[in-house]
Protein chains: 2
Amino acid sequence: MERQSPRALRRLKRIERENSLRKLVESNPLLTDEDLAEMLKVSVSTIRFDRARLGIPEVRERMREMAERARSMLRSLSPEEMTGELIELKINESGISVLETTQEMAFKGSNIIREIYTFAQASSLAMALIGSEEVLIGRARVSFKHPVRVGDKIVARSRVANRKGNKFLISVHSYVNDVEVFVGHFIVVSLGKGG
Amino acid sequence: MERQSPRALRRLKRIERENSLRKLVESNPLLTDEDLAEMLKVSVSTIRFDRARLGIPEVRERMREMAERARSMLRSLSPEEMTGELIELKINESGISVLETTQEMAFKGSNIIREIYTFAQASSLAMALIGSEEVLIGRARVSFKHPVRVGDKIVARSRVANRKGNKFLISVHSYVNDVEVFVGHFIVVSLGKGG
DNA sequence: GTAGCTATTAAGACTAAGTGTTATGAGGTG
DNA sequence: CACCTCATAACACTTAGTCTTAATAGCTAC
């Protein structure tokens, strides 16, 4: 183990530092060269050379990338958007919503959409049917008939099938190109007034 | 309608521009003063004065804010994190996951967690139980026993109740402080090998 | 009609967090 | 000794601002 020359050791030290640098930047892309220099106990110049070697862009560029990616991801992942767009709504009667699926909604390394999204669209549509602010899902019986793929546009149609007091039985059928991909029956409970 | 003095008209024009500015920046926070100046057909100086009046920070600050917010939101909203953390897993037998709930997971203006998250945690835990890459949910019967609130830590316990070929019946019970908040029965289908 | 107000534009000096290039020095090597 | 690698430093430049202070255009009020 003592066979390494001091020169090789110095090189090793540099490579080690570069690995740390990579990890640091990855875990927190908002660190400036100065921050990094302090953390790794080297000068700012060294950090700059390291970054150049590793092809890591400057903090502002990293920020810009994050902000941009965030803009598109937050769109597709925010509760507002993962539930689809309401295109028809008759309170206490029926409603239709459409969800455009994107890569972010798919299983990693696959183009199959996670069932959560189909469920989220259907359940939020069911809840929207009730003309009340405070609504909760009690039970649900759902069936995923057919896998949905990235790019598919899911059309969910729902209607109130039954009502007993503040409990609504709502059925939702979702389609992709007229193929039924999902059927769900939700029991939704309205807590506030107005339901 | 002709009663307005030219002076008042000029003021109106400015206020109108400031409204446009506000909207532009809100819809795309990554626009520089130069971009904005071009869009609104005024000089960069004017944009700077307007921003100062309106208290809109510079583009880099806006970027930083977005990037920062993105970091925390992506954490809580990304499929990886909205499904909780696996803390125990016996393939084809049983598993436990824990989900820490945050404000982002709640209904707007409320501290009640959207049912989707309980469902997402449970369904992904059910899928994780199967030792196969390609897994789909066939059916599910779920019951939301009790509302979950922001800050609650949901512990989901699941086990394989039955198996017929590549179809698994998996039950999941979720608790917050030993109170059962969710029960679900999932039929999960394994497509790949290894199940 | 000239002084004054408002909105806009411009100009000057400064900042952060870089870029890219070119020294300079410290340690070790052939 | 000359040479190499690595770390550091020094210098000029960039972007997208900051803050302050003019300068101008267009109208108004006395």
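This one's a predicted model, so the numbers in the text were calculated from it and none came from an experiment. Atom set for the values below is all heavy atoms of this structure, side chains included, hydrogens, waters and symmetry mates excluded. Note on naming: letters A, B, ... go to the chains in the order of the sequence lines (proteins, then strands), and numbering restarts at 1 for each one.
Atom CG of A/Leu21 is separated from atom C1' of D/dA7 by 15 Å (rounded to the nearest Å). Rounded to whole Å, the distance from NZ on A/Lys13 to P on D/dT5 is 18 Å. Separating the CD atom of B/Glu61 from the C1' atom of C/dA17 is a distance of 14 Å, rounded to the nearest angstrom. Remark: P of C/dT6 and CZ of B/Arg53 are 12 Å apart, rounded to the nearest angstrom. Note: CD1 (B/Ile15) to C1' (C/dT8) measures 15 Å, nearest angstrom. Straight-line distance from the CZ atom of A/Arg14 to the P atom of D/dA7: 7 Å, rounded to whole Å. Rounded to whole Å, atom C1' of C/dA17 lies 12 Å from atom CG of A/Leu36. Atom CD in B/Glu18 sits about 15 Å away from atom P in C/dT6, given to the nearest Å.
Dashed line: the shortest gap from a side-chain N or O of B/Arg17 to OP1 or OP2 of C/dT8 is under 4.0 Å. Contact between the side-chain N/O atoms of B/Thr46 and the OP1/OP2 oxygens of C/dT9 is found at a separation under 4.0 Å.
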Which atom pairs, donor and acceptor, lie under 3.5 Å between side-chain atoms of residues 165-173 of chain A and protein residues at least two apart or in another chain?
unit_1	atom_1	unit_2	atom_2	d
A/Asn166	ND2	A/Ser190	O	3.1
A/His173	ND1	A/Glu180	OE2	2.7

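Residue contacts for A/Arg64: at a heavy-atom cut-off of 4.0 Å it reaches no nucleic acid atom on any strand shown. Across all strands shown, B/Val42 has heavy atoms under 4.0 Å from sugar-phosphate atoms exclusively, and none from any base.
The stretch residues 27-45 of chain A participates, sequence neighbours left out, in these salt bridge (charged side-chain N to carboxylate O under 4.0 Å, His left out) pairs: A/Asp33-A/Arg48, A/Asp33-A/Arg51. Pairs of residues two or more places apart, or lying in two chains, that qualify as side-chain hydrogen bond (donor to acceptor under 3.5 Å, both in side chains) and include a residue from residues 142-160 of chain A are A/Asn111-A/Arg149.
A/Lys23 and A/Glu26 are not joined by a salt bridge, as no carboxylate oxygen comes within less than 4.0 angstrom of a charged side-chain nitrogen.
End-to-end axis angle of the helix from C/dG1-D/dC30 to C/dG30-D/dC1, from C1' rotation axes over five pairs per end: 30° (rounded to 10 degrees).
No donor-acceptor contact under 3.5 Å links the side chain of A/Ser43 to the base of D/dA7.
Taking A/Phe49 as the reference, nothing meets the ring pair (Phe, Tyr, Trp, His ring centres under 6.0 Å) condition, with sequence neighbours excluded. Every residue two or more places apart in sequence or in another chain was checked for a side-chain hydrogen bond (donor to acceptor under 3.5 Å, both in side chains) with A/Glu16, and none qualifies. B/Glu58 is linked by a side-chain hydrogen bond (donor to acceptor under 3.5 Å, both in side chains) to B/Arg60, counting only residues two or more places apart in sequence or in another chain.
Residue-environment remark: CZ (B/Arg17) exceeds the threshold of 12 foreign heavy atoms within 6.0 Å.
Through chains of ILVMFWY side-chain contacts below 4.5 Å, A/Val98 is grouped with A/Ile87, A/Ile96, A/Val155.
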Q: Do nucleotides 12-21 of chain D as a string where each nucleotide becomes B, S or -: B if the base has a protein heavy atom under 4.0 Å, S if just the sugar-phosphate does, - if no protein is that close.
A: ---BBBB--B

